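For reference, the structure I am asking about is given below.
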Number of protein chains: 2
Amino acid sequence: MHQPDPPPAPKPLRADAARNRAKLLAAATELFGERGLDAPLEEIARRAGVSIGTLYNHFPSREAFWEAIFPARLAALEQLTETALAAPDAWDGFVAYLEGLFALQAEDQGLNDAVAQRFRAAGEVEQACNRGFRHAELLIQRARDSGQLRPDFEAADLVTLSWAMSQVIRESMETAPDAWRRCLAFFLDGLRTGAAHPIEVPPLPQGQPGEVTRSR
Amino acid sequence: MHQPDPPPAPKPLRADAARNRAKLLAAATELFGERGLDAPLEEIARRAGVSIGTLYNHFPSREAFWEAIFPARLAALEQLTETALAAPDAWDGFVAYLEGLFALQAEDQGLNDAVAQRFRAAGEVEQACNRGFRHAELLIQRARDSGQLRPDFEAADLVTLSWAMSQVIRESMETAPDAWRRCLAFFLDGLRTGAAHPIEVPPLPQGQPGEVTRSR
DNA sequence: AAGTAAGTTGAGGCATGCCTCAATTTAACG
DNA sequence: CGTTAAATTGAGGCATGCCTCAACTTACTT
């Protein structure tokens, strides 16, 4: 009887390797945050003070970086959802969630790109996305049930909204970093039950449940 | 006394040159429309059945193409504004304008990119943008005065909205080409006077009046 | 039909960015 | 220490896309 090999033994790194890996991760986090998911890998290496070869040694692809970086971000998001779900008022919780989400995007171009569909999630990241999306659905449900969020607002509409805000954030980041808040405020006023007028167009068809991401 | 040299004599082209120019313009319009303002010039040349050298002979820069292409698009927009201003109901006119604008963007990735700030207008194009923007201001004014558009919606907010919609359009174009209409409907419901809640954040600071465009 | 200016061509130089791998350096272990 | 496997290095190959220019072709003039 052999062990059910739990995690397949991530053998220990040599000291220098571990150091370099950490520097690369820091540099990548920083650069993706500043310049988005397309930031050149060569500059990440430069910023980490490491050769391009070493970079590829640790992270064989751009996606490998994402997989190493996003879980932390997504955890912050999950945290945010918890808090929002715990808010005494359903509408307030819903609003707090949106504001928190977009504030995160505004702080991190990489996350903003991710939300704006500029990468294809897989594996661990995909799982986390799905979880996050399902939680957001709860929030929406709750706000709808309380009678404050218009009944025709669906989870899929959250995706569209995120796309929209991502561009506002991207464009205004430097000149007017709070512009997205104003835009969101207008939008939110349209989401209140009292404001609702009938809408003809159906929501986005969602592929898999929680499919927030597709190749660009 | 010398003539006030009206247009500085755009000397006639040789027959083949004129033909090639036309083919290039057609190809560029098509490709920019399909793939956005970053479409490779070499493919434009290929599609026009002309060498890259000839392309540069006629249009020494990417911007030269834009200057040749956009006036026509902007004219369509101007037309749209006329119509909207002539609408019997101010709100309906306002809505028709927005729908028309975004429909144009949805038909043409290049225009969509332009609206989303992905190029720097100059000269003739800039003039046209300014005119267009001033007309849009009239529309907004009119809708506000009629008491249907909330009083705190300003022309600068139109810019933000365009950014927002440009991303929705870009992302949904292939899978759900009408998605932007639904998003816009939500947003519009927030723009009605009745829906308005106070907003803290000020509108975008506009640089020059009508400054819709900045280098990316 | 010949002459010539106008127009066309595409190879090739430049830059950026991805990625590989043979040679070298270095941490870690006995 | 000395050995060796692990890690690092960076030149260089590849691809894309921009742009130029000397050699060639062609439309128009007389």
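Given the structure is predicted, the values throughout are model-derived calculations rather than measurements.
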Residue-phosphate contact under 4.0 Å: T54(B) side-chain N/O, dG7(C) OP1/OP2
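T54(B) to dG7(C) OP1/OP2: no side-chain N or O under 4.0 Å.
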
Is the distance from OP1 or OP2 of dT8(D) to the nearest side-chain N or O of N20(A) less than 4.0 Å?
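Yes, N20(A) has a side-chain N/O under 4.0 Å of OP1/OP2 on dT8(D).
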
Taking OP1 and OP2 of dC18(C), is either one under 4.0 Å from a side-chain nitrogen or oxygen of R62(A)?
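So the side chain of R62(A) is within the cut-off, an N or O lying under 4.0 Å from OP1 or OP2 of dC18(C).
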
Measure the distance from CG on L24(A) to P on dT9(D) and round it to the nearest whole Å.
10 Å

Nearest whole angstrom, please: distance from the C1' of dC19(C) to the CD of E63(A).
13 Å

Rounding to a whole Å, what distance do you find between F59(A):CZ and dG17(C):C1'?
19 Å

Length of the CZ-C1' vector between R14(A) and dT4(D), whole Å
10 Å

Roughly, in whole Å, what's the span from OH in Y56(B) to P in dA22(D)?
18 Å

Of the nucleotides dC19(C), dT9(D), dT8(C), which has the atom closest to the E42(A) side chain?
dC19(C)

Measure CG/L55(B) against C1'/dC21(D) and give the value in whole Å, please.
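To the nearest whole Å, that distance equals 16 Å.
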
Salt bridge R46(A)-E42(A), side-chain N to carboxylate O under 4.0 Å:
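No, this pair does not count.
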
Reckon N57(B) has a side-chain N or O less than 4.0 Å from the OP1 or OP2 of dT8(C)?
yes

Upstream residue (5' side of DNA chain D) when A15(B) and I52(B) are each assigned their closest nucleotide:
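The residue whose closest nucleotide sits nearer the 5' end is I52(B).
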
Figure out the CG/P separation between D16(A) and dA28(C), and round it to whole Å.
7 Å

P177(A) to T175(A) - nearest heavy-atom pair and separation
CD-C, 3.9 Å

If I take atom CZ in residue R19(A) and atom C1' in nucleotide dT8(D), what distance separates them, rounded to the nearest angstrom?
12 Å

Under-4.0 Å salt bridge between D113(A) and R170(A):
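Result for this pair is yes, salt bridge flagged.
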
Should the ring pair F94(B) and F153(B) be called parallel, tilted or perpendicular, given that the plane angle runs from 0 to 90° and is split at 30 and 60?
perpendicular

Compare the minimum distances between each of dC18(C), dG10(D), dT9(C) and the side chain of S51(B), then state the nucleotide with the smallest one.
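The answer is dT9(C).
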
Are any of H58(B)'s side-chain N or O atoms less than 4.0 Å away from OP1 or OP2 of dT8(C)?
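The answer is yes; a side-chain N or O of H58(B) sits under 4.0 Å from OP1 or OP2.
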
Specify the closest pair of heavy atoms between G49(B) and K23(B), including all atoms of both residues, with the distance to one decimal.
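For G49(B) versus K23(B), the nearest heavy atoms are O-NZ, 4.3 Å.
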
